[in-house]
J.: 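The structure under discussion is supplied below as structure tokens; questions concerning it will follow.
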There are 2 protein chains.
Amino acid sequence: MARPQLIDREAVLDAALAIADEHGLGAVTMRAVADRLQVTQMALYRHVANKADLLDGLVERLLCELPAPEAALAWDVQLRTMAQGVRTTAKRHPGVFPLLLQLPANTPLARGVRDRVRAALVQAGVPHERVTSAERLVSTAVLGFATSEALGRFRGLSRAEIDRDFTLLQQMLLAGIEGLRH
Amino acid sequence: MARPQLIDREAVLDAALAIADEHGLGAVTMRAVADRLQVTQMALYRHVANKADLLDGLVERLLCELPAPEAALAWDVQLRTMAQGVRTTAKRHPGVFPLLLQLPANTPLARGVRDRVRAALVQAGVPHERVTSAERLVSTAVLGFATSEALGRFRGLSRAEIDRDFTLLQQMLLAGIEGLRH
DNA sequence: ACCTGAACACCGTTCAAGT
DNA sequence: ACCTGAACACCGTTCAAGT
């Protein structure tokens, strides 16, 4: 006999993300997630393979939040928008964000983000054979900055100082990209 | 009555680092460290305040490994040497290295590294009021790249490709630094 | 002074059982 | 089909006790 379904995968991820945002990644235990859903820990395993799968789900959630600027916009506007979006997500979910750095990034969603960056670089005039490495360079730099910010490595600096640093980084990257044009 | 001292802080850190290098940070448990030292877990607490303190000790160990190039060398040689040293350490200790990104970096050793980078930037002709932010920019970029490498985000790329990417990053950073000169 | 035994609260995970 | 109870192996940490 079917009994009323109390939770589903989305609800599990919602609860886990809320806990991570409020109390950090360390507070995300199967028990804590279950408690928030008014359910026992074991109930989670029907909707999530294990804890690693749950964390993968959280990363996917962050990737969903990243902006997808119109391809009709100027290439540098597209890149700036995406870079700013990465920072915004990092600040909104500082506990989960660092996981982005250690992911293989082979999921459809991660590939989608990468393809958007590559497309903007092609529009910028970067020759095709250099696009792959240029994308890695830009993504690594932006991800590294945002992760540092999320993990508190810039603790003690004012928001204005961090913003100025980020602008400087963007200028360097844009100048570097222009140097790759044919 | 004094009994023979079986272990000390250095031995604890040696064992923990060896385990992390061999089996990853997740394998570094108080039990595993104690087992390797032929001692019970509880014995560790006399030499290490708790697990967080142990991890701090590991980070210090990595900072010790970073090269300290002669100040008489050309500024760009100094920076290249330090950047290469960061990468070497990241590859030698991929399990522990990511911890560098989340550390407050206010320990004497971390300050020492930062001061060496700052000194090289001053030699490069970066005006004093911009040295602080330039140092953060350079360090964040290099640390972000090395962390990505350590965490396997470049998995699937050949060593030659990664090296080329890193050279590209260095060139961009050096160009950016030259742009800051007065 | 340094190490150990016993104990505690916590963690992820499994599996048979209930509805 | 979905959730629960009971159980397991593991974790960090404490404290009194032994030498």
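Quick note on labels: first sequence line is chain A, next is B, and so on, each numbered from 1. Worth knowing before you read on, the calculation uses all heavy atoms, side chains too, and leaves out hydrogens, waters and symmetry mates.
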J.: Distance-only criterion, 3.5 Å: show the donor-acceptor pairs between side-chain atoms of residues 9-20 of chain A and protein atoms not counting sequence neighbours.
T.:
unit_1: Arg9(A); atom_1: NE; unit_2: His47(A); atom_2: O; d: 3.4
unit_1: Arg9(A); atom_1: NH2; unit_2: Asp53(A); atom_2: OD1; d: 2.8
unit_1: Arg9(A); atom_1: NH2; unit_2: Asp53(A); atom_2: OD2; d: 2.7
unit_1: Glu10(A); atom_1: OE1; unit_2: Arg61(A); atom_2: NH1; d: 2.7
unit_1: Asp14(A); atom_1: OD1; unit_2: Arg61(A); atom_2: NH2; d: 2.1

J.: In whole angstrom, what separates Leu6(B)'s CG from dT19(D)'s P?
T.: 15 Å

J.: For the pair made of CZ in Arg46(B) and C1' in dT19(D), what is the distance, rounded to whole Å?
T.: 13 Å

J.: Is there a path of hydrophobic side-chain contacts, each under 4.5 Å between heavy atoms of I, L, V, M, F, W or Y residues, that connects Leu73(A) with Val117(A)?
T.: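 Unlinked, Leu73(A) and Val117(A) end up in two clusters.
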
J.: If two hydrophobic side chains count as joined below 4.5 Å and joins carry through other members, does Leu99(A) share a cluster with Val142(A)?
T.: yes

J.: Which dot-bracket string describes DNA chain C (Watson-Crick N1-N3 plus N6-O4 or O6-N4, or G-U N1-O2 and O6-N3, all under 3.5 Å; [ ] crossing; | other strand)?
T.: ||.|||||...|||||.||

J.: Same cluster or not: are Leu55(B) and Val96(B) linked, directly or through other Ile, Leu, Val, Met, Phe, Trp or Tyr residues, by side-chain heavy atoms under 4.5 angstrom apart?
T.: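 Both belong to a single hydrophobic cluster.
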
J.: Atom CD of Gln5(B) and atom P of dT4(C): how far apart are they, to the nearest Å?
T.: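 Atom CD in Gln5(B) sits about 12 Å away from atom P in dT4(C).
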
J.: Can you give me the N/O atom pairs linking the protein to nucleotides 12-14 of chain D at distances under 3.5 Å, or say none if there are none?
T.:
unit_1: dG12(D); atom_1: OP1; unit_2: Met30(B); atom_2: N; d: 3.3
unit_1: dG12(D); atom_1: OP1; unit_2: Lys51(B); atom_2: NZ; d: 3.0
unit_1: dG12(D); atom_1: OP2; unit_2: Met30(B); atom_2: N; d: 3.0
unit_1: dG12(D); atom_1: N7; unit_2: Arg31(B); atom_2: NH1; d: 2.6
unit_1: dT13(D); atom_1: OP2; unit_2: Tyr45(B); atom_2: OH; d: 3.2
unit_1: dT13(D); atom_1: OP2; unit_2: Lys51(B); atom_2: N; d: 2.9
unit_1: dT13(D); atom_1: O4; unit_2: Gln41(B); atom_2: OE1; d: 3.2

J.: Please state whether the phosphate of dC2(C), meaning OP1 or OP2, lies under 4.0 angstrom from any side-chain nitrogen or oxygen of His47(B).
T.: no

J.: Can you tell me how far the CD atom of Gln102(A) sits from the OG1 atom of Thr147(B), to the nearest 0.5 Å?
T.: 10.0 Å

J.: Between CZ of Phe145(A) and CZ of Arg153(A), what distance do you get to the nearest 0.5 Å?
T.: 9.5 Å

J.: Can you measure Leu37(B) atom CG to dC3(C) atom P for me and round it to whole angstrom units?
T.: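 In whole Å, dC3(C) P and Leu37(B) CG are 10 Å from each other.
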
J.: Would you mind checking if Arg36(A) and Glu22(A) are paired as a salt bridge, meaning a charged N to carboxylate O distance below 4.0 Å?
T.: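 A salt bridge is present here (some side-chain N lies under 4.0 Å from a carboxylate O).
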
J.: Check the surroundings of atom CD in Glu70(A): do more than 12 heavy atoms from other residues, nucleotides or ligands lie under 6.0 Å from it?
T.: no

